[in-house]
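Keep in mind that the numbers below use all heavy atoms, side chains included, and drop hydrogens, waters and symmetry copies.
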Amino acid sequence: QVQFVESGGGLVQPGGSLRLSCAASGNFFKNYNMGWYRQAPGKQRELVASISAGGRSNYADSVKGRFTISRDNAKNTLYLQIDSLKPDDTAVYYCNLNPPTIVIGGNYYWGQGTQVTVSS
C-alpha cells in the first residue's frame, strides 16, 4: 500500500498558476496508474486528471488545456501544473491511485489534500 502527502495549494487570482505536488510513500509507485481529484464546496469529489504507469494522461473536460499531470518515478512524486485558474477551480485537491483502491481499517484511504482557492 501507499500513502500520499499533497502540497502546493494556495490563494491565487483568476488567470494565475499553481503547481501541486504529491509525495507518495511506497515501493511500487512507478507501477500504478495515478490521478488528481478535487472536491469543491457543495460538490462530490471528482477525478480531474489521470496518468498511467506508462505516462498516458487524461483530463476532465472542465480542465482540459489548462491542467497538466506528470510524474517523477525516481522521486515517487506526482505533479499537477494548473494554468489559467478559474474561480470554479476552487477545491481541495487530492492525489491517489486511479482507481482509488487503498483500504485502511475498512475505509478507503485519502490524504489531507491541499486547498486551492481562486479569488480576485
Side-chain angles (χ1 to χ4, degrees):
Q1 292 185 320
V2 296
Q3 295 180 345
F4 311 107
V5 179
E6 300 93 343
S7 63
L11 174 64
V12 297
Q13 295 181 334
S17 297
L18 284 172
R19 192 179 207 203
L20 310 185
S21 297
C22 168
S25 298
N27 295 325
F28 305 103
F29 175 81
K30 67 179 181 181
N31 301 121
Y32 283 85
N33 300 333
M34 297 292 298
W36 281 98
Y37 305 77
R38 70 184 182 189
Q39 187 165 25
K43 300 181 69 176
Q44 294 192 35
R45 185 150 37 204
E46 63 174 338
L47 177 68
V48 296
S50 63
I51 186 167
S52 71
R56 177 181 291 184
S57 60
N58 284 290
Y59 302 92
D61 287 342
S62 60
V63 309
K64 193 171 297 183
R66 301 186 299 116
F67 288 23
T68 304
I69 189 171
S70 61
R71 63 196 298 162
D72 186 337
N73 289 336
K75 296 182 178 180
N76 285 354
T77 302
L78 185 73
Y79 301 99
L80 186 67
Q81 177 68 39
I82 310 176
D83 298 316
S84 301
L85 277 158
K86 302 176 179 179
D88 58 3
D89 293 321
T90 296
V92 179
Y93 285 71
Y94 305 86
C95 65
N96 211 325
L97 309 183
N98 179 34
T101 52
I102 301 171
V103 176
I104 299 176
N107 297 307
Y108 284 104
Y109 168 79
W110 292 91
Q112 294 300 303
T114 185
Q115 176 73 50
V116 172
T117 302
V118 184
S119 177
S120 59

[atom2] on [Y] to [atom1] on [X], rounded to 0.5 Å:
X: M34; Y: N96; atom1: CE; atom2: CG; result: 6.5 Å
X: N73; Y: Y32; atom1: CG; atom2: OH; result: 13.0 Å
X: E6; Y: L78; atom1: CD; atom2: CG; result: 9.5 Å
X: I69; Y: Q81; atom1: CD1; atom2: CD; result: 12.5 Å
X: Y93; Y: L80; atom1: OH; atom2: CG; result: 7.5 Å

Minimum heavy-atom distance between [X] and [Y], given as atom pair plus value:
X: S120; Y: P14; answer: N-CD, 3.7 Å
X: G8; Y: T114; answer: N-OG1, 3.9 Å
X: A24; Y: F29; answer: CB-CD1, 3.6 Å
X: S21; Y: T77; answer: CB-CG2, 4.5 Å
X: S119; Y: L11; answer: CB-CD1, 4.2 Å
X: Y37; Y: L97; answer: OH-O, 2.7 Å

Original post:
K86 and D89: salt bridge (charged side-chain N to carboxylate O under 4.0 Å, His left out), yes or no, with the steps?
Top reply: CA-CA 5 Å; K86 302 176 179 179; D89 293 321; over 6 Å; no
Subject >> Matching residue for Y79 among C22, C95, S70 - test: side-chain contact (heavy atoms from CB on, under 4.5 Å) >> reply: S70
Original post:
Are more than 12 heavy atoms from other residues, nucleotides or ligands located less than 6.0 Å from atom CD of E46?
Top reply: yes
Do the side chains of [Y] and [X] get nearer than 4.5 Å, heavy atoms only?
X: W110; Y: P100; value: yes
X: L85; Y: Q13; value: no
X: I102; Y: F4; value: yes
X: Q3; Y: Y109; value: yes
X: V12; Y: I82; value: no

**OP:** May I have the step-by-step check of side-chain contact (heavy atoms from CB on, under 4.5 Å) for Q115 and T90, ending in yes or no?
**Re:** CA-CA 8 Å; Q115 176 73 50; T90 296; 4.0 Å; yes
Subject >> Evaluation steps, side chain to side chain donor-acceptor pair (under 3.5 Å), between S17 and D83 >> reply: CA-CA 4 Å; S17 297; D83 298 316; 2.8 Å; yes
Short side-chain to backbone donor-acceptor contact, [X] and [Y], under 3.5 Å:
X: S57; Y: I51; result: no
X: R71; Y: N33; result: no
X: Y59; Y: R66; result: no

